[in-house]
Structure formats: structure tokens, C-alpha cells
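Values reported hereafter were calculated over all heavy atoms of this structure, with side chains retained and with hydrogens, waters and symmetry mates removed. What you see is a predicted model, and the numbers here were worked out from it, not measured in a lab.
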Amino acid sequence: MRRTSAVLLSATVVALGLPATGSAAAETAASGCAVSTLPNPADGTATVTAMAGTTTFYGSVSPGADTGSGVVWQGGEITDTLAFSPTDANASGVLIGYRYATDTGWSYPVGQRPGEQPEDIGSAQDSVYEINDAGTYVGRGTVGNWPYYFSIAFAGSADTWSGYVLESSLDVPVAAVAVDDNRNVLGRSDYDRDGVPTAAVWRGGTSGAPQDLGPADELAPRDIDAGTVLVNRTVHDDIALIDIVSGDVTAVPGSTGYRAFFLKNGTILADGAGGYALFRGDTRVDLTPPTGSTITAVGALSADGTTVGGQTRTSAGTLVPTVWRCG
């Protein structure tokens, strides 16, 4: 089945005059980032997985409680605990994440508004990935029951913890993986009728047919911010940005060999042979762990692109929640 709305991959490449391969090296910033650690909760070790602004952090705890647990830090101290593992938060502190049900052995997506109890917002086969500042959250829903179910992309509202299915002109399993503050939703399909995974965007959160960005095995979609899509390019082994209006493809300077996770306010968080780094325009800022430690994970990038949350391991083997401030 032919897809009718497409951004042509032959669109102009406009990366500061760079070729589509993104082979030019980025200048590495000398200043780096200020790194600090947060206390672990009493019931396990935590990884920073979400943040509201740059001062409130949320973490997933392992092993945590039987149902999964989380922790909240403010001012560098633990101020609250959560009955689930958080995966994302918006500026208002609305959370999405997962709780583990010991009776079924499944994890269930949950949402929590500030000052309220967490609510189940999907079935065990469903996934939630990101929530924007307006409270729109996106994920992968299912039709049917295991093992005979079909994946669908959906967007929901934290006002009611209910949502709607995003139309797929691909007529195949599809997931919504990110949403920006303009309610542009980024998604990907497992395959189309030609057998090719496909990256797509629903502009403005509408439920109409998605805009086809191209093969997802060549343009692996990762995030969307202010109408710009972040992709990992398999063919060029680099990172690129796609403008959903013009279709222009911008190779990120110096990103060869890196794989991106997040795009916030023009800043990209990525990982490569040289370790974790932030890309801003033609500058790369490397993340370094505290002295004697190694970085084990990065789990969050602030909306303004200045702060990274994750986890490090000390020389003694202790896992520690860690924050990098790169303003």
C-alpha cells in the first residue's frame, strides 16, 4: 500500500553547509559540566529518569518495592517516594510510569497528577513514553489480548487519563514514541505492507493520516521538539534532524558513531564510543563522571537542555543517582 503523505528524503540538507553524512567534527567544549550526586533511598539504588524543571528530579528504584517504586529529590535531598517507577514528567510535575503487579507478573502504565494518587492508564501490553507540558502523553496501545494483539499509537490527556487512537495510514502495528509542546507526535511502525519499518509524525496531535518521514530502519526516530525530529541514521552512522514543515534533513556535526536519546531546546543527548555527550549546534560537550566513577546510564534531559540525570558507579561498585548541569 502506497503512503500518500511524505517528506522526501532527497530534501535539502542544511547542516551549516555540511554534507548529509555529518562527517565534519564538532568542536568539543572545554568547560564541560558540573556533576553532583543524589542520595539513594533506603530500599535500593536509584537512577534519575525524569525531571520537572532543573531542580526537581524523579528516579526509578531497584530493586524497590514489590510493585516497583520511585523517589523524588528536591534541593539535593529525598522529599518523597512513589508507588511506581517514573519514566517522564512535565514542568507541572505530572508523571507517567509503570507499576509492577505481583499477582500477574505484568507491568501496568500509570499516571499521577501532583497531590493525587497514581492511576492505571492502560493494560499490561500498553506502553507510555513521554508527556508534554500541556499534559498530552503518548504511547503504544493494544487491541486484543496476548498473544493475539495488535499495536496502535495513541495520545491521551492527563486531565482525564484517557486518550484516542492516532490514525495509521500504514495499516500496521505502530507506536507513538514522543510528543512536543505543539502536540506534534512522533511515531514508528513495525513494518508497512512492503515490509519496511516507517517513521511518521502526526502534526498538531490530529488523528488524521500521519506524515511519512521515511524508512525507520534508516531513520530511527528518537524524539521531537518544536517541530524538529531527532533520528539516528543507520546508513551514515550518525545523528540527524528533520524539519517536519520543510522536510530539510540536517546532519549533526561530529555525531558519527553516536546514537541519540533526547532532543530538548536544540540540545541532543547521545552516546558513542567516546561516552555520553551533549550536542549543541557545532559543539559537543562530553559528560564526565565523578572522580573514580563510571557512567552506567542516562535517563533524562531537562526541557531547556541544560541538565542531565542518570546514574554512576563508584570504584567500590556502588550505584549512585547523578546529575550533570551543563548550562
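Between Leu219 and Gly214 the shortest heavy-atom distance is CD1-CA, 4.5 Å. The shortest heavy-atom contact between Ser255 and Asp238 is OG-CB, 3.5 Å. The two atoms that bring Pro86 and Gly70 nearest to each other are CD-CA, 4.0 Å, heavy atoms only. Across Thr49 and Ser60, no two heavy atoms sit closer than the pair OG1-N, 3.7 Å. Contact detail for Ala158 and Ile131: the closest heavy-atom pair is CB-CD1, 4.2 Å. Taking all atoms of both residues into account, the shortest heavy-atom contact from Phe261 to Asp223 is O-CB, 4.3 Å.
Judged purely by distance below 3.5 Å, without hydrogens or angles, the side chains of Glu218 and Thr234 never pair a donor atom with an acceptor atom. Between the side chains of Thr37 and Thr322, no donor-acceptor pair is found at a separation under 3.5 Å.
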Enumerate, atom names and distances included, each donor-acceptor pair closer than 3.5 Å involving a side-chain atom of residues 268-281, sequence neighbours excluded.
residue: Arg280; atom: NE; partner: Thr267; partner atom: OG1; Å: 3.3
residue: Arg280; atom: NH1; partner: Cys326; partner atom: O; Å: 2.8
residue: Arg280; atom: NH2; partner: Gly305; partner atom: O; Å: 2.9
residue: Arg280; atom: NH2; partner: Cys326; partner atom: O; Å: 2.6

Please list, one pair per line, the donor and acceptor atoms closer than 3.5 Å that link side chains of residues 288-300 to other protein atoms, with sequence neighbours excluded.
residue: Thr296; atom: OG1; partner: Gln311; partner atom: O; Å: 3.1
residue: Thr296; atom: OG1; partner: Gln311; partner atom: OE1; Å: 3.0

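Considering only residues two or more places apart in sequence or on other chains, Thr104 meets the side-chain hydrogen bond (donor to acceptor under 3.5 Å, both in side chains) condition with Tyr108. Looking at residues two or more places apart in sequence or on another chain, you find no salt bridge (charged side-chain N to carboxylate O under 4.0 Å, His left out) involving Glu77. Residues passing the salt bridge (charged side-chain N to carboxylate O under 4.0 Å, His left out) test with Asp181: none are found, sequence neighbours excluded. For Ser302, the side-chain hydrogen bond (donor to acceptor under 3.5 Å, both in side chains) criterion is met by Asp304, not counting sequence neighbours. With sequence neighbours left out, the salt bridge (charged side-chain N to carboxylate O under 4.0 Å, His left out) criterion links Arg325 to no other residue.
Rounding to the nearest 0.5 Å places CG of Asp120 at 12.5 Å from OH of Tyr98. Atom CG in Asn184 sits 9.5 Å away from atom CG in Leu186 (nearest 0.5 Å). Atom OG1 of Thr314 and atom CG of Leu319 lie 8.0 Å apart (nearest 0.5 Å). Of the inter-residue distances, the one linking Thr79 atom OG1 with Phe57 atom CZ reads 11.5 Å to the nearest 0.5 angstrom. With rounding to the nearest 0.5 Å, the separation of CZ in Arg222 from CG in Leu263 is 12.0 Å. Atoms CZ and CD, from Phe84 and Gln112 in turn, are 4.5 Å apart once rounded to the nearest 0.5 Å.
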Derivation of the side chain to side chain donor-acceptor pair (under 3.5 Å) call for Asp225 and Thr228: CA-CA 5 Å; Asp225 188 58; Thr228 299; over 6 Å; no

For side chain to side chain contact (heavy atoms under 4.5 Å, CB included), just list the numbers for Leu82 and Val72, CA-CA rounded to whole Å, side-chain angles, deciding distance to a tenth of an Å, and then say yes or no. CA-CA 7 Å; Leu82 301 168; Val72 183; 4.0 Å; yes

For a side chain to side chain contact (heavy atoms under 4.5 Å, CB included) check, start with the C-alpha distance between Val229 and Ile244, then their side-chain angles and the critical distance, and finish with the verdict. CA-CA 7 Å; Val229 173; Ile244 65 172; 3.6 Å; yes

Begin from the C-alpha positions of Asp88 and Leu95 and carry the test side chain to side chain contact (heavy atoms under 4.5 Å, CB included) through to its verdict. CA-CA 6 Å; Asp88 197 22; Leu95 293 165; over 6 Å; no

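Sorted by first and then second residue, the disulfide (SG to SG under 2.5 Å) pairs involving residues 247-309 (not counting sequence neighbours) form an empty list. Note on residues 250-261: pairs passing salt bridge (Lys or Arg N to Asp or Glu O under 4.0 Å), not counting sequence neighbours, are Asp237-Arg259. Judged as a side-chain hydrogen bond (donor to acceptor under 3.5 Å, both in side chains), the pairs with a partner in residues 127-137 (not counting sequence neighbours) are, in order, Ser127-Arg140, Glu130-Lys264. The disulfide (SG to SG under 2.5 Å) pairs that include a residue from residues 233-270 number zero, where partners must be two or more places apart or lie in different chains. Screening residues 240-278 for disulfide (SG to SG under 2.5 Å) gives no qualifying pairs among residues at least two apart or on separate chains.
Between Arg113 and Asp159 no salt bridge is recorded (no basic side-chain N to carboxylate O distance below 4.0 Å).
Remark: side-chain polar atoms of Asn182 are not paired, donor with acceptor, to backbone N or O of Ala226 under 3.5 angstrom. With Thr87 contributing its side chain and Ile96 its backbone, the two residues share a donor-acceptor pair below 3.5 Å. Under a 3.5 Å cut-off, the side chain of Trp73 and the backbone N or O of Pro39 do form a donor-acceptor pair.
Dense packing is recorded around CD of Glu116, with more than 12 heavy atoms of other residues, nucleotides or ligands lying under 6.0 Å away.
Applying the side chain to side chain contact (heavy atoms under 4.5 Å, CB included) test between Ile242 and each of Asp248, Val231, Thr250 identifies Val231 as the sole match.
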